[in-house]
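These notes concern the structure reproduced below.
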Amino acid sequence: VMMSRLLPHLSAALTLQKTNREVSLKALKVVLAMVLSHNGCEELLAHPNSPGTIVPWLLSMTSMVDTTFTPLALDVLREICDCEEGVRQTIDSTKGTGDFAGPLLVKYFLKTISIGLHSVNSEEIIEVSADLLLKVTKAKKVWQYFHALEMPVFKSMAYALAFRLLHHSKVVTEPVMEVFLQMCEKEMLQIRLQDAACRYEVRAVLIGLAM
C-alpha cells in the first residue's frame with residue numbers, strides 16, 4: 001500500500017531526468033527495488049501511472065545519452081516483462097508529442113537492445129539484452145515493430161543476434177537462437193533478413209539453419 005502511494009511521486013520524479021538528474025536517478029533506483037520486492041511488479045503495473053508515464057519513461061531512459069540510467073531501466077523492464085501485462089504495456093507504450101509519434105519499442109527499445117548485444121564492455125548488458133528481447137518477442141504483435149525498424153537498425157539487430165550466436169556462451173546463445181528462429185519464420189521479415197545477409201555472420205547463421 002505504501003509503495004502504491006509513492007508511485008505518483010516516483011512517476012513525476014522519473015520525468016525530471018533533464019532538469020533534476022539526481023532526483024530522477026533516485027526514483028529509478030526506488031522503482032527497481034520495488035519491482036524486485038514481493039508483488040512489486042503487480043503493484044506497479046496495476047497503477048494508473050504505469051502505462052501512461054512510468055513504462056514510457058523507462059523505455060526512453062534505455063536510450064539516454066547519460067548511460068547511467070540505461071542498465072537500471074533495462075533491469076526494471078526485465079522484471080516487469082516477466083509477466084504478460086508488463087510485456088503488453090512495454091509493447092503498447094507510445095509517445096505522441098515532439099518529433100516522434102508512435103511505438104517507443106521502435107524508437108528506443110529495439111535500438112538499445114541491438115546496441116546492448118553489440119556491447120564489448122559489459123557481459124551483464126549482453127545477457128540482459130538477450131533475455132529481455134526474448135521476453136518481448138513472446139508477444140506476436142512485436143514482429144510488426146521489427147518490420148517497422150529502419151533498415152540499418154534491422155541489419156544491426158540481425159548482425160548482433162548472429163554475432164552472439166557464433167561467439168558467445170550458452171546463457172546468451174539460447175535466447176538469441178530462439179529470437180533468430182522466430183525472425184526466420186516470419187514471412188514479412190524474410191526479405192529483410194536476406195538483405196541483412198550481406199554481413200558474413202548473418203549469412204553463416206542462415207546457412208547453418210538451412211542445413
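Residue numbers start at 1 and run along the sequence shown.
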For a 4.5 angstrom cut-off between non-hydrogen side-chain atoms, does [X] reach [Y]?
X	Y	result
Phe109	Leu77	yes
Leu117	Ile125	no
Arg192	Leu149	yes
Cys83	Leu45	yes
Leu133	Leu161	yes
Gln182	Leu134	yes

Quiz item: Would you say the side-chain atoms of Glu42 and His47 include a donor-acceptor pair closer than 3.5 Å?
Solution: no
Quiz item: Will you find, in the side chains of Glu85 and Gln89, an N or O donor that is under 3.5 Å from an N or O acceptor?
Solution: yes
Quiz item: Can we say Asp82 and Lys135 salt-bridge, meaning some charged N sits less than 4.0 Å from an Asp/Glu carboxylate O?
Solution: yes
Quiz item: Hey, are Lys138 and Glu178 close enough for a salt bridge, meaning a charged N less than 4.0 Å from a carboxylate O?
Solution: yes
Does [X] belong to the same Ile/Leu/Val/Met/Phe/Trp/Tyr cluster as [Y], with side-chain heavy atoms less than 4.5 Å apart forming each link?
X	Y	value
Val153	Met183	yes
Leu193	Tyr200	no
Ile113	Trp143	yes

Quiz prompt | Stepwise side chain to side chain donor-acceptor pair (under 3.5 Å) test for Glu123 and His168 | solution = CA-CA 10 Å; Glu123 188 74 15; His168 221 86; 2.8 Å; yes
Exercise. Output, in order, the C-alpha distance, side-chain angles, deciding distance and verdict of side-chain contact (heavy atoms from CB on, under 4.5 Å) for Cys81 and Val136.
Key: CA-CA 7 Å; Cys81 284; Val136 298; 4.0 Å; yes
Exercise. Check whether any side-chain N or O of Arg199 sits under 3.5 Å from a backbone N or O of Ser156 as a donor-acceptor pair, and report yes or no.
Key: no
Practice problem: List the steps and the verdict of side-chain contact (heavy atoms from CB on, under 4.5 Å) for Arg21 and Phe69. | Solution: CA-CA 10 Å; Arg21 177 186 179 279; Phe69 289 82; 4.0 Å; yes
